[in-house]
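Before any comments, here is the structure.
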2 protein chains.
Amino acid sequence: MTQTHNQPCAIAQALNIFGDNWTWLIIREAFYGVSRFSEFQRNIGIAKNLLSNRLSTLVEQGIFEKKNVGENGTRYSYHLTPKGAALRTPLFAILLWGNEYISGDGNEAVLLTERNTGRQLTTMSLVSESGEPIEPNDVRAIAGPGANQEILDKFENARNLKKQK
Amino acid sequence: MTQTHNQPCAIAQALNIFGDNWTWLIIREAFYGVSRFSEFQRNIGIAKNLLSNRLSTLVEQGIFEKKNVGENGTRYSYHLTPKGAALRTPLFAILLWGNEYISGDGNEAVLLTERNTGRQLTTMSLVSESGEPIEPNDVRAIAGPGANQEILDKFENARNLKKQK
DNA sequence: CGGTATCCCATTTGATACTG
DNA sequence: CAGTATCAAATGGGATACCG
């Protein structure tokens, strides 16, 4: 698509930013410590003009911060803002899913581990206010304060579908 | 891009499937209980040929299961497989990020709640083997058994970058 | 209903060249 | 180094028509 939708659902909104694969890969590289234009380019294998576009958008969106680090103004670094760093959660979620369902056990190219124990981490979960992990079945999606009629209808419809069962 | 990369990293692999926004939206709809071709089409506003393509790919990938539910073979339903249902984690992660950093507090179109208490869920976390949520700073990404030289280099490089600080 | 086939247009892409 | 400019080629997009 590439074309923007205007659904109020945050998923659709977020996808307007991250619909492009390059963008995810750029952010992944940032988590690995990459901050320079040429490094992104080399590691990802992206064309310069595309990288330039994507980085500009990400800076506009407040996900990266561009700093001048050159002695004479010819070098820049791109670092994740808090907003950008918060993308670690979706990114890790995708990684764990891919490890389990694409790579498969024993073939993972990248693993997540607990720093202290070195143990592998394979599970990600919603956490309650009291700090307890919540089972997927105990989670409900509901319409929020920013919902429009379309979303209200959708949840109404979802309720009806469940009743029919 | 659309073009497939062949990096072994599970993120890149997963993006080969989900690089397309339509795909995420289709899966989102599936979580809302949608299972029919025409419903997907109407709710997402996607062209028929595109929907057909995307669904075919998703069935091939083992994310949806296509069942014949028609009396005379003219009706089908698409349901998430366990592999597909596991995408709830990345999807929720994206939703929470979008709620916090795009919609903002009080403007969320869709919220996640705990079924029993009705309390809003805003946090997602990696969970240790012993069932404890892990802080982001306590997580390390390391090269796994399926890593190639490129990935090993990347982590080597990341270590060097940290030492410099 | 659940698609497939076809067409045409807008966009995206990557390569190359160029610049401060 | 960190881009911008340009451009031909490929791709993705939606609309329409058609089918079992």
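Chain A is the first sequence line, chain B the second, and so forth, proteins listed ahead of strands; every chain is numbered from 1. As a basis for the values below, the full set of heavy atoms in this structure was taken, side chains included, without hydrogen atoms, waters or symmetry mates.
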May I ask you to evaluate whether B:Arg54 reaches the phosphate of D:dG13, defined as a side-chain N or O under 4.0 Å from OP1 or OP2?
yes

Let me test you: for the helix from C:dC1-D:dG20 to C:dG20-D:dC1, what is the angle between the axes at its two ends (five pairs each), rounded to 10 degrees?
50°

So do B:Leu96 and A:Leu126 actually touch side chain to side chain, heavy atoms under 4.5 Å?
yes

Minimum heavy-atom distance A:Val127-A:Ile134, with the two atoms named:
C-CG1, 4.2 Å

Can you check whether B:Lys66 has a side-chain N or O nearer than 4.0 Å to OP1 or OP2 of C:dG3?
yes

Whole-Å distance separating the CG atom of A:Asn68 from the P atom of C:dG20
18 Å

For A:Gly106, does its backbone N or O pair with a side-chain atom of A:Glu108 as donor and acceptor, under 3.5 Å?
yes

Nearest-Å distance, CD1 (B:Ile26) to P (C:dG2)?
14 Å

Expressed as a whole number of angstroms, how long is the span from B:Arg75:CZ to C:dG3:P?
12 Å

Sidechain-backbone polar pair: B:Ser56 side chain, B:Ser52 backbone, donor-acceptor under 3.5 Å:
yes

Using atom CD1 of A:Ile44 as one end and atom C1' of C:dG14 as the other, report the distance to the nearest whole Å.
15 Å

State which of C:dT4, D:dG14, D:dG3 makes the closest approach to the side chain of A:Tyr76.
D:dG3

Using atom CG of A:Leu51 as one end and atom P of D:dA2 as the other, report the distance to the nearest whole Å.
10 Å

Whole-Å distance between C:dT16 P and A:Leu50 CG?
15 Å

Whole-Å distance, A:Asn21 CG to C:dT12 P, equals 15 Å

Does any N or O in the side chain of A:Asn99 come within less than 3.5 Å of the main-chain N or O of A:Leu111, such that one atom is a donor and the other an acceptor?
no

Within the structure, does a side-chain N or O atom of A:Ser52 lie under 4.0 Å from either OP1 or OP2 of D:dT4?
yes

State, yes or no, whether a side-chain contact exists between B:Phe64 and B:Thr81 at a heavy-atom distance under 4.5 Å.
no

Can you label the angle between the A:Phe92 ring and the A:Phe31 ring as parallel, tilted or perpendicular, going by 30° and 60°?
tilted

Supply the atom-to-atom distance A:Arg119 CZ to A:Thr113 OG1, rounded to the nearest 0.5 angstrom.
12.0 Å

On the 0 to 90° scale, with breaks at 30° and 60°, tag the A:Trp24-A:Phe18 ring pair as parallel, tilted or perpendicular.
tilted

Under 4.0 Å between a side-chain nitrogen and a carboxylate oxygen: does that hold for B:Glu100 and A:Lys83?
no

Scan residues 29-43 of chain A against DNA chain D and write down, sorted by residue number, each residue with any heavy atom closer than 4.0 Å; if none is found, say none.
A:Arg36, A:Phe37, A:Ser38

Would you say B:Lys67 reaches C:dG2's phosphate, i.e. side-chain N/O to OP1/OP2 under 4.0 Å?
no

B:Trp22 has a side chain; which of D:dG13, D:dA2, C:dG3 sits nearest to it?
D:dG13

Against the side chain of B:Lys48, the closest entry in D:dT4, C:dC1, C:dT4 is C:dT4

Are OP1 or OP2 of D:dG3 and a side-chain N or O of A:Tyr78 less than 4.0 angstrom apart?
yes

Which one, C:dT6, C:dG2, C:dA15, comes nearest to the side chain of A:Asn49?
C:dA15

